[in-house]
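Numbering of ligands and ligand atoms starts at 1, following listing order. Note: hydrogens, waters and symmetry copies are ignored here, and every other heavy atom, side chains too, is used. Model, not experiment: these values are computed from the prediction.
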Amino acid sequence: MSTLARAMAESVPDARGRYGSYGGRYVPETLVAPLEELEHVWIEASADSGFQSELAVLLRDFAGRPTPLQFASRLSLHLGGPRIYLKREDLLHTGAHKINNCLGQGLLALRMGKRRVIAETGAGQHGVATAAVAARLGLACTVYMGTEDMERQRLNVFRMRLLGAEVIGVDAGSRTLKDAINEAMRDWVTNVRTSHYLLGSALGAHPYPQIVRDFQKVIGEEARQQILQKESRLPDHLFACVGGGSNAIGLFHAFLQDSSVKMVGVEAGGRGKTLGEHAARLAAARGFTGACPGVLQGAYTYVLQTADGQIASTHSVSAGLDYPAVGPEHAWLAEVGRAEYTAVADEEAIEAAKTLARIEGIIPALESAHAVAELIRRAPRMSPEEIVILNLSGRGDKDMETLARYA
Ligand SMILES: *Cc1c(COP(=O)(O)O)cnc(C)c1O
């Protein structure tokens, strides 16, 4: 085993939630106890077969797992490169992989005796998944959302309210996700005894990145089994888009120790490489500027920031990738060279969505379309013997207005 593979085999993160120098827990004193409680309950639940089987039943009957690993025969032929398989997370209830994590954390909330969950949402996808899970589990649900985002995503606001969630508009700052997060944190600090903060990606203070990875790793575990069944060997390449990083780490995790499996994470290249025009935190090698290590929302990781340390504004056509920080495990995987990170521009993602729609009959989420675009770039240089698994993290219904604008 190589040194790197051995490092992977060891338990990562360490006891303080560090992935190399990334991760950790940078929070006000009031949040230390609830984070420790969460960690404690989650460790217990991980070893409790009752918890695991309750989660497995919900994943199967409510969310729709296992998702298929589909051979994309026409896309493979069209690109003239490798054999391409799509992991169909887009077929899940509420339209994306996010429900995997929401179900897991919803059950953890119940186990902690907390009858209310708090979430923040940008485009509304995490809010809708959280609201659906809260309804299913009988939990009260409050979702914070910037008023700018509420206007842009009125259908998702309606969905959340139909599912019984309270949606609170946040009028501060840029009236988007960052501001919603601040309000959600304020609520959590105030109501920490009765409320669980249901974080939507592999981000934030320890133990969140590890918990979210744990609830998303089912993606890679299924895909590994499915590809061994179909091809009798492991894939050569994995592709996934990276917002906070939960669907990507969910796919990657089961393969980290297989050094022959290359991994590509695809960030939002937006409309340019200068700070403010993109959300590429780990793609400096591709010329994207403005990212360096810093602390945001409780963890040390790569953050898009100005020279004087202000959080930068970001841009992406796809709201799920439009965020200034990346999950700390990805920062570490990039640093040790286990995964490669790159970025795709808005227009390439739109084109890739159209290609997948026409060739395979699947309209992908624009987030997922970023991964498809990178695969389209690289496929012609791969051989027909190579095998690719691409995580199709979500479906494109929510993006129809945007797609129509570019049509
Ligand atoms: C939210 C979202 C993402 C980005 O989140 P990650 O935590 O990086 O996975 C990607 N794809 C879809 C469809 C999403 O809804």
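Partners of D397 by side chain to side chain donor-acceptor pair (under 3.5 Å), not counting sequence neighbours: none found.
Between the side chains of N156 and Q125, at least one donor N or O lies within less than 3.5 Å of an accepting N or O. Side-chain N/O atoms of S368 and S393 include a donor and acceptor closer than 3.5 Å.
At a heavy-atom cutoff of 4.0 Å, ligand 1 is surrounded by A96, H97, K98, S201, C241, V242, G243, G244, G245, S246, N247, G320, A365, E367, S393, G394.
Here the options are R271, K354, R377, the test is salt bridge (charged side-chain N to carboxylate O under 4.0 Å, His left out), and the partner is E348; only R377 passes.
Taking 4.0 Å as the cut-off between side-chain N and carboxylate O, D14 and R18 do not count as a salt-bridged pair.
F158 CZ: 12 or fewer foreign heavy atoms inside a 6.0 Å radius.
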